[in-house]
Amino acid sequence: MPAFRSMLFVPGNQPRKVDKVFDAGADVAILDLEDAVPVPDKVATREVIVAALKRPRSCRAYVRVNATTTEYCYGDLLAVVGEGLDGLLLPMVERPEDLVTVDWLLAQLERERGLPVGGIDLIPAVETAKGHAALRAIAAADTRVRRLSFGAADYSADLGFTPTVEEEELSPIRAETLLASRLGGLEPPIDTVFVAFRESEAYAACCARSRRLGFQGKMCIHPAQVAPANDAFTPSPDEVAFARRVVDEFAKAEAAGDASFQLDGKFIDYAIVLQAKRTLATMDAIGG
């Protein structure tokens, strides 16, 4: 499982920013064809993104296409599916059928263009009340999807509430996204962007809270958000050292016929070992 600590958006119609995004330190760069691109520029922006996907880079490259309900989604997919594309972010998903349709089309394009079928990742973004209500069905859909995400800005606009830096209003959809992911057998989800990018303390607290809840990473809208996200979703040296001790000591205890014991004043059993193994798997994904 690769790391998804930080996914940085960049407007696809701004070539200078596109050139810089790959060196911003994010695990994933998201070249945007949707909200960050004005309607008159959407078609022409496809060429900019396709050219960028062909250049050498130090991170993975995803493209946020337009929603399936728009006139642009089909053309976006025809344009960007090819060598150099690691994945797609599909916005405004409200039904599992949205994913099934896009998954089928991706498979045809992959086969037609000599790419491994199923090789292009697909991340749905739930951003409306309808999407929230259908989260469990979306997570359970029989598609290539490995992880979910949600978008707070459109979600707030759809429900008509005023976003706050504390984000208490997002607790219900965060909880449902995590639960739906688990029920659907998916990886932990990716958390939404934090739009008040100058509120550095609030952003750091948001990242820490998201990790505690069980998210695996954060979507970012400014390069300054990347490092805090990477830090927040990277286990600390103490956490990694303790996780290794838990796994090692539990293996010894289990071999001796004991499935529970104390370590540094903490009760260790299978549930704690599972968490420790997740910590080590996260570090493997990061490469640390």
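For clarity, every value in this text was computed on a predicted model and none was experimentally measured.
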Residue pair Thr164, Glu169: steps toward the side chain to side chain donor-acceptor pair (under 3.5 Å) verdict = CA-CA 8 Å; Thr164 65; Glu169 65 278 359; 2.9 Å; yes

Below 4.0 angstrom, N of the basic side chain to O of the carboxylate: do [X] and [Y] qualify?
{"X": "Arg16", "Y": "Asp19", "result": "no"}
{"X": "Arg144", "Y": "Glu110", "result": "yes"}
{"X": "Arg57", "Y": "Asp86", "result": "yes"}
{"X": "Arg113", "Y": "Glu83", "result": "no"}

task = Answer whether the closest heavy-atom distance between the side chains of Asn13 and Val48 falls below 4.5 Å.
result =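 Of all side-chain heavy-atom pairs linking Val48 with Asn13, none is under 4.5 Å.
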
inquiry  = Is it the case that over 12 heavy atoms from other parts of the model lie below 6.0 angstrom from the CD atom of Gln108?
reply    =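 Counting other residues, nucleotides and ligands, CD of Gln108 exceeds 12 neighbours.
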
key: Atom of Gln216, atom of Ile190 and distance for their closest heavy-atom approach   =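 Minimum heavy-atom separation between Gln216 and Ile190: CG-CD1, 3.5 Å.
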
ask   = What are the two closest heavy atoms between Cys207 and Ala232, and how far apart are they?
value =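 For Cys207 and Ala232, the tightest heavy-atom pair comes out as CB-CB, 3.5 Å.
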
task = Please work out whether the ring planes of Tyr155 and Phe161 are parallel, tilted or perpendicular, with thresholds of 30° and 60°.
result =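 Perpendicular, since the angle between the ring planes exceeds 60°.
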
request  = Using side-chain contact (heavy atoms from CB on, under 4.5 Å) as the criterion, point out the one residue from Leu109, Leu106, Val81, Leu85 that pairs with Leu115.
outcome  =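 For Leu115, the side-chain contact (heavy atoms from CB on, under 4.5 Å) test succeeds with only one of Leu109, Leu106, Val81, Leu85, which is Val81.
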
ask   = Do Ser210 and Asp191 have side-chain N/O donor and acceptor atoms under 3.5 Å apart?
value =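 Distance-only check passes for Ser210 and Asp191.
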
request  = Not counting sequence neighbours, which residues clear side chain to side chain donor-acceptor pair (under 3.5 Å) with Glu34? List them please.
outcome  =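 Once residues adjacent in sequence are excluded, the partners of Glu34 under the side chain to side chain donor-acceptor pair (under 3.5 Å) criterion are Arg64.
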
